Amino acid sequence: NGYDENFAKVTLSNRPDLCEYQCNGAMAAAKTYKKKPIDIANGVVEQLKDSEVFEEVNAVMPGFINLKLDPAFLSGYMNGMKGAKKLGMDEVEKPETIVIDYGGANVAKPLHVGHLRSAVIGEALKRMGRFVGHKVIGDVHLGDWGLQMGLIIEELKDRKPELPYFDESFTGEYPEEAPFTISELEEIYPTASGKSKEDAAYKEAAMQATYELQHGRRGYQALLSHILNVSVTDLKRNYENLNVSFDLWKGESDAQPYIPDMVQKMKDDGFAYISDGALVVDVKEDTDTKEIPPCMILKSDGASLYNTTDLATIVWRMKDYHPDELIYVVDKRQELYFTQVFRCARKTGLVKPETGLKFLGFGTMNGKDGKPFKTREGGVMRLQYLLESVNEEMLKKITENQKAKENLEISEEEAKETAKMIALAAIKYGDLSNQASKDYIFDIDRFTSFEGNTGPYILYTIVRIKSILNKYHSMGKDESGAVIEAAHSASEKNLMLALSGFGAMMENAYEETAPHKICSYIYELANAFNSFYHETKIMSEENEQIQKSYIRLLELTKSVLETCIDLLGFKAPERM
Ligand code: ARG
């Protein structure tokens, strides 16, 4: 019709009782083209009348266009999706290299619930990025370079002064075996940290040890690698339990070799200057509405800081991986800090002007009282305890479920494995279904429920599909080669419509770094499936062709749901 295509935006209908899609562009176009909206709408409708895509196209006063898809077109699309790579989603045209910095575990300290969000959200983003076609590298960025290292060294020195690590004249090979186990290490750190709060001299000594470690004292470097080895082994196991994995296990300490040159260059280029003894770079901008303090590069004693390692980390990431974008999944309370770091990196030329630097700050996970999640005793909740308690809760639920069903005997071992899988889904979905930047309440009763917008409900839906498919095949039937027919009912069409939204949803969810959009999508898809399931006699359908078509549609539904939960980082059991 010669109208600008920007007016042709079609959205999902907000009156699903009247139509499936709608276009409201005629109202806006009316002004531009000086015509009545309804005339424009009628013109468009006239043109679409013979299209095979739509079953019904109507213009409604004052100028809405209501659209209903043709069932045969829709089922054709379903068949196409089934055969297509990535379920028909278009991969990005220009794949980018992206480094995602998430996890952020601190060496020698147990993971606590604060690290859960970073791991869960970062892992989902990494998988989403790969799915849409990018090259994504996940880096855990361990906290292995601060005072906590000095504290551990100091405490070890107090306990075992005879070890060669503390003898400055020692020039031989240090032992291969670490002088502590993981459980000792986990006890040493809190003890040392407690002492340093009471004893100023002790703290001073720990700071001195940190300084010497950072300035290359041999024995301390050797201790650091023991601490790292022992701790990383343990961390890997913990992350594995969360179905989270990293391509790189780099830490703050790995940035160390890049610091001297980086600092020198910042000085030479005239960006870094001494203020109150410390070396800083100004990062404020004229348009700032609030005060952005300078980025501190070195403390007055020359020691490097969290900033310094983050900046030097950017240096090696650029050098080794040439990323187009760096994404940080960190607690939103570090937002100002990252504003400083990003501005400093840009200003001093550590990144290219076109390199993306994105901070994805997440909110706090709160308890039911609305305060940061704590143990019953009020301490920081260790991640392991949290997982264990949700596992237990889940095991109780599925055991009860099995009893209620009576018929199905699941072995204790399978029950435990299944409980773990559902528990992980409960935790991850409970987290990811919220917009990342918002605080949320960790409600174990709600998260583990089999009903409502929860991980277990999604798994339950997948398991239901699996069991229908199993039953069908165990009857010796075979649907291969059959096609999905045009919908036989409204609920079936509705399920197809939900499935057809997958590609657009995925592109948008990644674009907006929003895993919660995948959650809302699969919740609606699961609802659409369950309505279809309740209204349709699948197993007793007598027309074999129709039954095959149903089975094919179920398989597609299962693929879409499984693809989505895989991107969210969890899996469905065989039965539950
Ligand atoms: N280790 C830090 C913490 O526990 C998080 C690290 C975040 N990443 C970064 N590049 N600074 O708070």
Side-chain angles (χ1 to χ4, degrees), residues 98-123 125-126 136-152 186 189-190 193 210 224 227-228 231-232 234-235 238-239 242 244 246-256 258-259 262 295-297 304-318 320-321 323 325-346 350-351 355-365 372-373 380-383 436-437 513:
I98 300 164
V99 174
I100 308 191
D101 179 312
Y102 69 104
N106 296 313
V107 159
K109 294 192 206 171
L111 287 172
H112 59 76
V113 297
H115 293 115
L116 178 68
R117 296 214 69 192
S118 181
V120 168
I121 298 167
E123 180 72 19
L125 271 188
K126 179 185 76 179
V136 189
I137 301 157
D139 181 12
V140 67
H141 199 74
L142 295 172
D144 59 358
W145 198 246
L147 181 62
Q148 84 251 33
M149 295 298 138
L151 283 165
I152 295 167
E186 284 187 352
Y189 174 73
S193 160
T210 312
L224 174 69
I227 299 172
L228 272 173
S231 182
V232 165
D234 184 60
L235 284 171
N238 276 295
Y239 279 123
L242 285 173
V244 167
F246 300 93
D247 306 288
L248 300 176
W249 279 83
K250 300 279 189 184
E252 294 171 10
S253 68
D254 291 293
Q256 221 53 25
Y258 299 89
I259 291 177
M262 176 185 82
C295 189
M296 206 195 278
I297 309 296
S304 54
L305 308 105
Y306 187 46
N307 304 21
T308 330
T309 52
D310 258 321
L311 288 164
T313 298
I314 294 180
V315 173
W316 72 249
R317 284 182 182 157
M318 291 306 289
D320 292 355
Y321 296 97
E325 187 176 33
L326 297 166
I327 303 180
Y328 294 77
V329 186
V330 184
D331 192 311
K332 74 176 174 201
R333 285 170 289 194
Q334 293 190 29
E335 176 154 26
L336 172 62
Y337 164 80
F338 276 100
T339 303
Q340 294 173 295
V341 169
F342 291 174
R343 283 187 183 183
C344 182
R346 279 206 193 288
L350 302 187
V351 296
T355 310
L357 294 170
K358 189 185 274 172
F359 175 71
L360 183 64
F362 52 80
T364 309
M365 176 175 139
F373 202 81
V380 177
M381 180 65 128
R382 285 175 63 159
L383 193 52
S437 61
T513 49

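Atoms within a ligand are numbered from 1 in the order they appear, just like the ligands themselves. If you read the sequence from its start, that first residue is 1, and numbering goes on from there. As the structure is a computational prediction, the values presented were derived from the model and not from experiment.
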**Request:** Report yes if the side chains of V140 and L235 come closer than 4.5 Å at any heavy-atom pair, otherwise no.
**Result:** no
**Prompt:** Is it true that a side-chain atom of T308 and a backbone atom of I297 form a donor plus acceptor pair closer than 3.5 Å?
**Reply:** yes
**Message:** Could you tell me if the side chain of C295 sits less than 4.5 Å from the side chain of R343, heavy atoms only?
**Reply:** no
**Message:** Other residues, nucleotides and ligands only: do more than 12 of their heavy atoms fall within 6.0 Å of CE on M296?
**Reply:** no
**Message:** Counting non-hydrogen protein atoms only, what is the nearest one to atom 12 (O) of ligand 1? Give residue, atom name and distance.
**Reply:** Q334 NE2, 3.3 Å
**Request:** Please determine if A105 has a nitrogen or oxygen closer than 3.5 Å to a nitrogen or oxygen of ligand 1.
**Result:** no
**Prompt:** Nearest protein heavy atom to atom 8 (N) of ligand 1, by residue and atom, and its distance?
**Reply:** D101 OD1, 3.2 Å
**Message:** Tell me the protein heavy atom at minimum distance from atom 4 (O) of ligand 1, and give that distance in Å.
**Reply:** N106 ND2, 3.0 Å
**Asked** Any N or O of Y337 that comes nearer than 3.5 Å to an N or O of ligand 1?
**Response** no
**Asked** N/O of E252 under 3.5 Å from N/O of ligand 1, yes or no?
**Response** no
**Complete:** Here the atoms of ligand 1 under 4.0 Å from any heavy atom belonging to H115 are 4 (O)
**Item:** atom 6 (C) of ligand 1: nearest protein contact (heavy atom, Å)
**Value:** Y306 OH, 3.4 Å
**Prompt:** Do the side chain of S253 and the main chain of W145 share a donor and acceptor less than 3.5 angstrom apart?
**Reply:** no
**Asked** H115 vs H112 aromatic rings, parallel, tilted or perpendicular, using cut-offs 30° and 60°?
**Response** tilted
**Request:** State the atoms of ligand 1, each with its element, that fall below the 4.0 Å cut-off from a heavy-atom position in Y328.
**Result:** 10 (N)
**Pair D310, Y328: side-chain N/O donor-acceptor within cut-off below 3.5 Å** = no
**Message:** Using a 4.0 Å cutoff against the non-hydrogen atoms of D310, which atoms of ligand 1 qualify?
**Reply:** 9 (C), 10 (N), 11 (N)
